[in-house]
Amino acid sequence: MSDLKKKLSLLKVERRIKGLKGIKDVQILKDQAREVTWYNGELNLIDNQIPCSYRFPVDVDTKKLALAMEMLVGQASHFILVLWEQSPIYVFFQLESWEDFLSSFYTEFTSRDMSLFFQDKEKILDVFLEEYEIEVKIFDKNIKNDLHL
């Protein structure tokens, strides 16, 4: 991909990120964040082998989805969102409101899929749109799972 296309893609993502609500202290990186290197190359596993914590209909109310995520992450508020535009872009932020964040995320981005890495743990919250439902999963590398990473 040409440098011009990469720059335009990054500018487009930056504009959309500015439209996100419920977050603060936003920092955007083009290079892989060291906090996610433990998970390098494992994105397919999260879609298939991690047990689903919650399932919602596709038209779920954002408030219900936000409550489920709040329960799963506990007191955590610092995350890394990986956006797969032309190449991965890493967005560091502090979350203030799940409901505001989710509402604006689904307005700014066409995807209902989202992977949020915890900044302080080897842990990930995954939201994945299946054909008729939304699955919410959480994976903590340091807790024994049936996965063999």
Side-chain angles (χ1 to χ4, degrees), residues 8-30 32-33 35-149:
L8 287 174
S9 177
L10 181 61
L11 287 172
K12 189 167 53 170
V13 169
E14 286 175 343
R15 190 190 80 235
R16 286 197 236 149
I17 289 169
K18 286 180 183 176
L20 295 179
K21 304 208 179 342
I23 61 173
K24 67 179 186 177
D25 301 331
V26 177
Q27 182 182 8
I28 300 171
L29 300 175
K30 294 182 285 183
Q32 184 173 24
E35 291 88 345
V36 301
T37 55
W38 66 272
Y39 201 67
N40 194 21
E42 301 295 340
L43 287 172
N44 290 334
L45 286 177
I46 199 155
D47 295 336
N48 299 318
Q49 298 181 16
I50 296 173
C52 185
S53 300
Y54 291 98
R55 292 182 198 282
F56 296 98
V58 172
D59 60 351
V60 65
D61 178 59
T62 305
K63 188 174 271 189
K64 287 182 183 178
L65 188 58
L67 276 170
M69 292 178 154
E70 283 177 34
M71 289 182 356
L72 283 172
V73 303
Q75 298 296 317
S77 64
H78 291 82
F79 297 96
I80 303 163
L81 173 65
V82 181
L83 297 171
W84 297 93
E85 293 294 315
Q86 303 297 334
S87 58
I89 297 171
Y90 303 90
V91 182
F92 290 73
F93 62 91
Q94 181 178 353
L95 188 69
E96 294 181 305
S97 166
W98 276 104
E99 189 173 351
D100 292 344
F101 171 69
L102 290 174
S103 294
S104 62
F105 182 85
Y106 294 139
T107 300
E108 292 293 329
F109 295 92
T110 56
S111 176
R112 297 286 303 257
D113 300 341
M114 176 187 330
S115 295
L116 293 175
F117 290 81
F118 289 59
Q119 279 188 359
D120 58 347
K121 300 176 188 157
E122 291 182 334
K123 190 172 182 178
I124 184 171
L125 175 73
D126 186 62
V127 180
F128 184 72
L129 177 64
E130 288 286 338
E131 189 172 353
Y132 299 107
E133 65 186 6
I134 296 173
E135 293 184 348
V136 180
K137 303 174 183 180
I138 195 157
F139 174 69
D140 188 334
K141 183 179 178 189
N142 297 314
I143 294 177
K144 185 173 175 156
N145 288 303
D146 293 330
L147 294 177
H148 301 289
L149 295 178

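Within the structure, the salt bridge (Lys or Arg N to Asp or Glu O under 4.0 Å) test picks out no pair touching residues 61-73 (sequence neighbours left out).
Annotation: side chain of L20 is in contact with side chain of F109 (closest heavy-atom distance under 4.5 Å). For the pair F118/D140, no side-chain contact is recorded, criterion being any heavy-atom separation below 4.5 Å from C-beta on. When side chains are defined from C-beta on, M69 counts as touching V127, because their heavy atoms get closer than 4.5 Å. For the pair T37/Q32, a side-chain contact is recorded, criterion being any heavy-atom separation below 4.5 Å from C-beta on.
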Discussion item. Would S115 and I124 count as a side-chain contact (heavy atoms from CB on, under 4.5 Å) here? Give the steps.
Written reply: CA-CA 7 Å; S115 295; I124 184 171; 3.8 Å; yes
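Taken from CD in E108 to CG in L83, the straight-line distance is 11.5 Å, to the nearest 0.5 Å. Distance check, rounded to the nearest 0.5 Å: CG of L81 to OH of Y90 gives 11.5 Å. The structure places CD of Q27 at 9.5 Å from CD1 of I80, a figure rounded to the nearest 0.5 Å. Here the CZ-NZ distance, from R15 to K18, works out to 10.5 Å after rounding to the nearest 0.5 Å. The distance from the CG atom of L10 to the CD1 atom of I89 is 5.0 Å, given to the nearest 0.5 Å.
Remark: E133 pairs with R55 by the salt bridge (charged side-chain N to carboxylate O under 4.0 Å, His left out) rule, at least two apart or across chains. Every residue two or more places apart in sequence or in another chain that forms a side-chain contact (heavy atoms from CB on, under 4.5 Å) with S53 is listed here: L72, I138. Partners of L8 according to the side-chain contact (heavy atoms from CB on, under 4.5 Å) rule, which considers only residues two or more places apart in sequence or in another chain, are L4. Residues forming a side chain to side chain donor-acceptor pair (under 3.5 Å) with E14 (at least two apart in sequence, or on another chain): none.
You'll find the ring centres of F117 and F79 outside the 6.0 Å limit.
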Would you tabulate the side-chain donor-acceptor contacts of residues 91-105 under 3.5 Å, counting partners in other chains and residues two or more places apart, or write 'none'?
unit_1: S97; atom_1: OG; unit_2: D100; atom_2: N; d: 3.1
unit_1: S97; atom_1: OG; unit_2: D100; atom_2: OD2; d: 3.4
unit_1: S103; atom_1: OG; unit_2: E99; atom_2: O; d: 3.0
unit_1: S104; atom_1: OG; unit_2: K21; atom_2: N; d: 2.8
unit_1: S104; atom_1: OG; unit_2: D100; atom_2: O; d: 3.0
unit_1: S104; atom_1: OG; unit_2: F101; atom_2: O; d: 3.1

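The two residues V58 and I134 have their closest heavy-atom pair at O-CD1, 3.9 Å.
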